[in-house]
Visitor: 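Before I ask anything, here is the structure I am working with.
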Amino acid sequence: QVQLVESGGGLVQAGGSLRLSCAASTRTFSLYAMGWFRQAPGKEREFVAAINWSGGTTDYADSVKGRFTISRDNAKITLYLQMNSLKPEDTAAYYCGASSSFGRDRARYGYWGQGTQVTVSS
């Protein structure tokens with residue numbers, strides 16, 4: 001079992017940047033594929049980015065490709081999401097998840113953090 005805690009959210013102007021972190025509770029973190037998802041009010045939780053256990057393979061939603069970068073530091077048991085060129089439509093609660101396999105499907109993620117709010121003003 002792994003517990004996840006997100007941080008780094010906040011209020012930023014359009015065009016700005018934020019870096020989200022997701023700290024894990026156990027060194028078995030390095031065995032999991034990880035992902036970032038987001039959920040805006042009244043909408044379903046949607047895929048943002050995923051990374052495999054080693055960090056060698058990543059995947060991004062088309063809406064964030066070229067602006068967001070997912071990375072991980074297994075020594076620090078932490079996942080990151082660097083978000084640049086933020087847009088108002090990026091406003092949402094952002095969640096990190098852990099999965100035994102790499103992919104975009106939300107159902108494969110068995111562990112979730114509590115979320116961190118990102119608000120982008122125009």
Side-chain angles (χ1 to χ4, degrees):
Q1 188 171 1
V2 57
Q3 293 180 324
L4 304 169
V5 179
E6 302 96 334
S7 61
L11 174 64
V12 63
Q13 288 189 329
S17 298
L18 282 175
R19 188 195 197 199
L20 305 184
S21 298
C22 170
S25 61
T26 170
R27 294 210 170 272
T28 59
F29 167 84
S30 64
L31 302 178
Y32 291 95
M34 300 294 296
W36 286 101
F37 290 72
R38 66 187 181 187
Q39 188 168 16
K43 294 187 176 181
E44 290 193 357
R45 192 171 297 187
E46 65 175 6
F47 169 76
V48 174
I51 190 166
N52 76 332
W53 69 274
S54 68
T57 301
T58 58
D59 187 24
Y60 297 92
D62 288 345
S63 58
V64 307
K65 197 171 295 183
R67 300 188 297 122
F68 291 10
T69 302
I70 189 171
S71 62
R72 66 190 297 162
D73 186 332
N74 286 342
K76 295 182 178 179
I77 55 174
T78 302
L79 175 74
Y80 303 100
L81 186 68
Q82 178 66 44
M83 305 186 294
N84 298 329
S85 302
L86 282 162
K87 304 175 181 180
E89 51 263 45
D90 294 319
T91 295
Y94 282 71
Y95 299 86
C96 63
S99 171
S100 58
S101 60
F102 175 79
R104 297 184 168 205
D105 185 2
R106 188 179 64 192
R108 70 176 64 230
Y109 289 81
Y111 302 102
W112 294 95
Q114 84 290 346
T116 186
Q117 179 67 35
V118 172
T119 303
V120 184
S121 63
S122 57

Visitor: Does a sphere of radius 6.0 Å around CH2 in Trp53 hold more than 12 heavy atoms from other residues, nucleotides or ligands, not counting ones at 6.0 Å or beyond?
Guide: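 No.
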Visitor: What are the two closest non-hydrogen atoms of Trp112 and Arg106, and how far apart are they?
Guide: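 Closest approach of Trp112 to Arg106, heavy atoms only: CZ2-CG, 3.7 Å.
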Visitor: Grouping I, L, V, M, F, W and Y whenever their side-chain heavy atoms are under 4.5 Å apart, do Leu86 and Tyr60 come out in a common cluster?
Guide: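 Yes, one cluster joins them.
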Visitor: For atom CD of Glu46, is the number of surrounding heavy atoms from other residues, nucleotides or ligands below 6.0 Å larger than 12?
Guide: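 Buried by this count: over 12 neighbours within 6.0 Å.
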Visitor: If you take all heavy atoms of Asp90 and Arg38, which pair is closest and at what distance?
Guide: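 Looking at all heavy atoms of both residues, the closest pair is OD1-NH1, 2.9 Å.
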Visitor: Treating Ile, Leu, Val, Met, Phe, Trp and Tyr as nodes and any side-chain heavy-atom pair under 4.5 angstrom as an edge, say whether Ile51 and Trp36 lie in one connected cluster.
Guide: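 Yes, Ile51 and Trp36 fall within the same hydrophobic cluster.
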Visitor: Hey, does the side chain of Gln114 reach the backbone of Glu6 with a donor-acceptor pair shorter than 3.5 angstrom?
Guide: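 Indeed, once roles are kept as given, a pair shorter than 3.5 Å links the two residues.
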Visitor: For residues Tyr111 and Tyr94: do they belong to one hydrophobic cluster (side chain heavy atoms under 4.5 Å, members Ile, Leu, Val, Met, Phe, Trp, Tyr)?
Guide: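 Tyr111 clusters together with Tyr94.
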Visitor: Among Thr58, Leu20, Val48, Asp59, which one satisfies side-chain contact (heavy atoms from CB on, under 4.5 Å) with Ile70?
Guide: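 Of Thr58, Leu20, Val48, Asp59, side-chain contact (heavy atoms from CB on, under 4.5 Å) with Ile70 is met by Thr58 alone.
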Visitor: Once rounded to the nearest 0.5 Å, what's the spacing between atom OG of Ser30 and atom CZ of Arg72?
Guide: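 Going from the OG atom of Ser30 to the CZ atom of Arg72 covers 7.0 Å.
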Visitor: Okay, side chain of Thr78, backbone of Lys76: is any donor-acceptor separation there less than 3.5 Å?
Guide: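 Yes: the side chain of Thr78 pairs with the backbone of Lys76.
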Visitor: Any side-chain to backbone donor/acceptor pair from Arg104 onto Ala49? Under 3.5 Å, distance only.
Guide: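 No: the side chain of Arg104 does not pair with the backbone of Ala49.
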Visitor: Between Leu79 and Gly35, which heavy-atom pair has the shortest distance, and what is it?
Guide: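 Heavy-atom minimum between the residues: CD2-O, 4.0 Å.
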Visitor: Assess the residue pair Thr69 and Met83 against the criterion (side-chain contact (heavy atoms from CB on, under 4.5 Å)); give the C-alpha distance rounded to whole Å, side-chain angles, the decisive distance to 0.1 Å, and a yes or no.
Guide: CA-CA 7 Å; Thr69 302; Met83 305 186 294; over 6 Å; no
Visitor: Under the 3.5 angstrom rule, does the side chain of Asn52 hit a backbone N or O of Ala33 as a donor-acceptor pair?
Guide: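 No, because the side chain of Asn52 does not come within donor-acceptor range (under 3.5 Å) of the backbone of Ala33.
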Visitor: Would you say the side chains of Ser17 and Asn84 form a donor-acceptor pair under 3.5 Å?
Guide: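 Per modelled atom types, Ser17 and Asn84 side chains form a pair under 3.5 Å.
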Visitor: Which heavy atom of Thr116 sits nearest a heavy atom of Gly8, and at what distance?
Guide: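 Scanning both residues completely, I find the closest heavy atoms to be OG1-N, 4.2 Å.
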Visitor: Does any N or O in the side chain of Thr119 come within less than 3.5 Å of the main-chain N or O of Leu11, such that one atom is a donor and the other an acceptor?
Guide: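 Here the side-chain-to-backbone pair does not exist.
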Visitor: Hydrophobic clusters here meaning ILVMFWY residues chained together by side-chain heavy-atom distances under 4.5 Å, can you tell me if Tyr80 and Leu18 are in one?
Guide: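 No, Tyr80 and Leu18 fall in different hydrophobic clusters.
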Visitor: Quick check against the 3.5 Å criterion: does Tyr32 have a side-chain atom that pairs as donor or acceptor with the backbone of Tyr109?
Guide: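 Not at all, since once roles are kept as given, no pair shorter than 3.5 Å links the two residues.
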Visitor: Could you pull out the closest heavy-atom pair between Ala14 and Ser122, with the gap in Å?
Guide: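 Minimum heavy-atom contact is CB-CA, 4.4 Å.
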Visitor: Which atom names give the shortest non-hydrogen contact between Phe29 and Ile77, and what distance separates them?
Guide: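 Heavy-atom minimum between the residues: CD2-CA, 3.6 Å.
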Visitor: Assess the pair Phe37 and Phe47: is the distance between their ring centroids shorter than 6.0 Å?
Guide: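 Phe37 vs Phe47: aromatic centres under 6.0 Å.
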Visitor: Would you say Val118 ends up clustered with Tyr95 if hydrophobic residues are merged whenever their side chains have heavy atoms under 4.5 Å apart, either directly or through other cluster members?
Guide: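 Different clusters: Tyr95 never reaches Val118 through Ile, Leu, Val, Met, Phe, Trp or Tyr contacts under 4.5 Å.
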Visitor: Do Ser99 and Arg108 get their side chains close enough for a donor-acceptor pair, meaning under 3.5 Å?
Guide: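 No pair is found: no donor N or O on one side chain lies under 3.5 Å from an acceptor on the other.
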